[in-house]
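Accompanying notes for the structure given below.
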Amino acid sequence: MIDFGTVVPKVADALFETLYMVTAAFLIAAVVGLSLGIFLFATRPGQILGNRAVHFVLNFVVNIFRPIPFIILLVALTPVTRAIIGTSIGPSAAIPPLAIAGAMGIARVAESNLVAVDPGVVEAAEAMGARPLHILFGFVVREAFGPLLLSLTFISISLIDATAVAGAVGGGGLGNLALTYGYQRFDWAVMALIIIVLIVLVQCVQFLGNWIAKRFID
Amino acid sequence: MSDRSSASAAAASSAAHEQTGPAGASATTPGTPATPGTDRIVLSGVSKTFTTKQGATTAALDDVNLSVGAGEIFGLIGRSGAGKSTLLRMINALERPTSGTVEVDGVDLAGVTGDRLRRLRHGIGMVFQQFNLMNSRTVYGNIAVPLQLAGMKEAQISARVSELLDFVGLGDKAFVKPRQLSGGQKQRVGIARAIANRPSILLSDEATSALDPQTTGDIVALLRSVNEEFGITIVVVTHEMDVVSRLADRVAILSAGRVVETGEIQQILSRPAHPVTAGLVESYTRTALTEAEKTQLRGEFTDHRVSVTVDDTLVGTPVLSRLARAHAVDFSIIQGGVARVKNHPYGQLSLALYGEDRAVEAFVAELGAQAEVIRW
Ligand SMILES: Nc1ncnc2c1ncn2[C@@H]1O[C@H](COP(=O)(O)OP(=O)(O)OP(=O)(O)O)[C@@H](O)[C@H]1O
Ligand SMILES: [Mg+2]
């Protein structure tokens, strides 16, 4: 039988740690990733800041991080994490690698969301005499807003996923708890509870993301 | 460029057009550089070459000379790839010529960049085949965009937008998103947006090509009233002869980047001088016979066969029957038709002639003195 008296507070603490890591990493990733994605788009040849060299470099940077499995990135970034956070263990230490992985993901999907905007809208904006930055933000980003929100939702769910990996190497959170109870103590009841909490969490995030995006898409 | 003065100049000259009618306007010789003051848009020796990444070059425009008068509706017609869009986009400098000059109201666009270019564009509206509306904004929001760009206050914007919505007949659709509109309604929004800033020039790139014939008629009528009510000079690009015939005062025919013919619409329709024009007119009217059809019909009608171009001289007067009676020639109709464009008849009749050979010769000679007659 599950000893709710001791298990529930543990799961609750772990959930808060996960939420803390995901929220902090997501906020940083969103700011960095969206900026990078918009810049990636704007420097494409033929776009308003069209610059083949800058675009190539940015693209290269994003492409370096994208294929690295998160666990390897996490370990590889240990010195960076220690320099920023002061430690490489605990929930806070998971934030830099999560934020970097999230930012690169957001940059890539944001760029493709922006590329998908009807070039006719840009043509109309130019014909109306809009300034380049206005065209970028007032037309292209605005038109892509709904899809961008769905992309952010998608990446935030990948971050929940990645926190579990971070937990495995001492990052805390639900992943860490699942590992201690499920893997080391074979306590399937706690595992089940953690899985249910994760499912509910992911569903809530997806629902919220869809709900907000829908207001912009329809 | 001052909007107010150019708009009133346009209105004045459009009134002049009304009085003199087509005959007055036909004084402009095709391709002749225009007199300053009467022409809004002048292209001189404009060429445009596109170079692809692979290094291949396309001559989209080749030594184009054109002028568009104030208050005029000018048609640009040609087959796909002829360079129509490229030419139209020169007028608001979305496209720059490789050589030659584009002048709008006497200003060479080559020297116009940055803020000056943006201000110029506030005075030139544009409508597109695919409407190019923002899906993230309502109808109201879409029409408000150019007004916001011009720095208008929110209170004035709302008054102006409702005025425009009434003009295009969408008064009840202000807060609907474009995706909920039909194609014709979307184009009405496109037109309202294009004229929101009271431009003096409107560029239309295949505005009706995505629409059914009925809706095309409605949009053509709307563009006409934009021209008549506000004196806006309109340049319409289309591949539909039907659209230019109902809309344009003058047309230029583009083929492979060259203007092969320029003239009054009814002159172009009744007496196309260039084979490309003839082809476009033919596929529009379907009154003329193709060579293949003629070959086939020669077997069926073994006597004398002629094709007669029909215009004012043959319609409403019994010329044909009088000549036939005078020469004791009979005729029957093989194929043909007559339509009216701007109140002038045009068309073609193919006839089989019966009678003595010499009588037929004399009939054809006398008819040929009054109308264009081809024996085949
Ligand atoms: N940006 C570009 N880069 C390369 N080639 C171009 C470009 N724009 C147009 N062209 C080429 O120039 C030629 C004329 O194109 P344009 O779009 O002006 O034709 P169009 O008459 O408007 O045709 P359509 O009726 O199909 O719209 C075509 O051969 C086209 O492929
Ligand atoms: Mg075109």
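So you know, we letter chains A, B, ... as the sequences are listed, proteins then strands, and number each from 1.
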Would you check if there is a donor-acceptor pair between the side chains of A:Asn63 and A:Arg108 at a distance under 3.5 Å?
yes
Below 4.5 Å from any heavy atom of chain A, which atoms of B:Met126 appear? Answer side chain, backbone, both or neither.
side chain
Okay, A:Phe216 and chain B: the region with an atom under 4.5 Å from a heavy atom over there is backbone
Between the side chains of B:Ser162 and B:Tyr140, does any donor sit under 3.5 Å from an acceptor?
no
Whether the B:Thr215 and B:Asp218 side chains hold a donor-acceptor pair (N or O, under 3.5 Å, no angle test) is what I'd like checked.
no
Is there a donor in the side chain of B:Glu95 and an acceptor in the side chain of B:Thr86, or the other way round, less than 3.5 Å apart?
no
Looking at chain A, which one of B:Val127, B:Leu203, B:Val145, B:Leu117 has the largest number of heavy-atom pairs inside 4.5 Å, strictly under?
B:Val145
Highest number of heavy-atom pairs under 4.5 Å with chain A among B:Leu94, B:Asn132, B:Asp115 belongs to B:Asn132
If you tally heavy-atom pairs under 4.5 Å between each of B:Arg121, B:Gln129, B:Lys177 and chain A, the highest tally belongs to B:Arg121
Taking atom types as modelled and ignoring hydrogens, do the side chains of B:Ser85 and B:Asp205 form a donor-acceptor contact shorter than 3.5 angstrom?
yes
A:Asn113 and A:Ser151: side chain donor to acceptor below 3.5 Å
yes
Is it the backbone or the side chain of B:Leu133 that comes under 4.5 Å from a heavy atom of chain A, or both, or neither?
backbone
With chain B, the option among A:Pro119, A:Ala124, A:Ala127 that has the most non-hydrogen atom pairs under 4.5 Å is A:Ala127
Heavy-atom cut-off 4.5 Å, strictly under: side chain, backbone, both or neither for B:Asn92 against chain A?
side chain
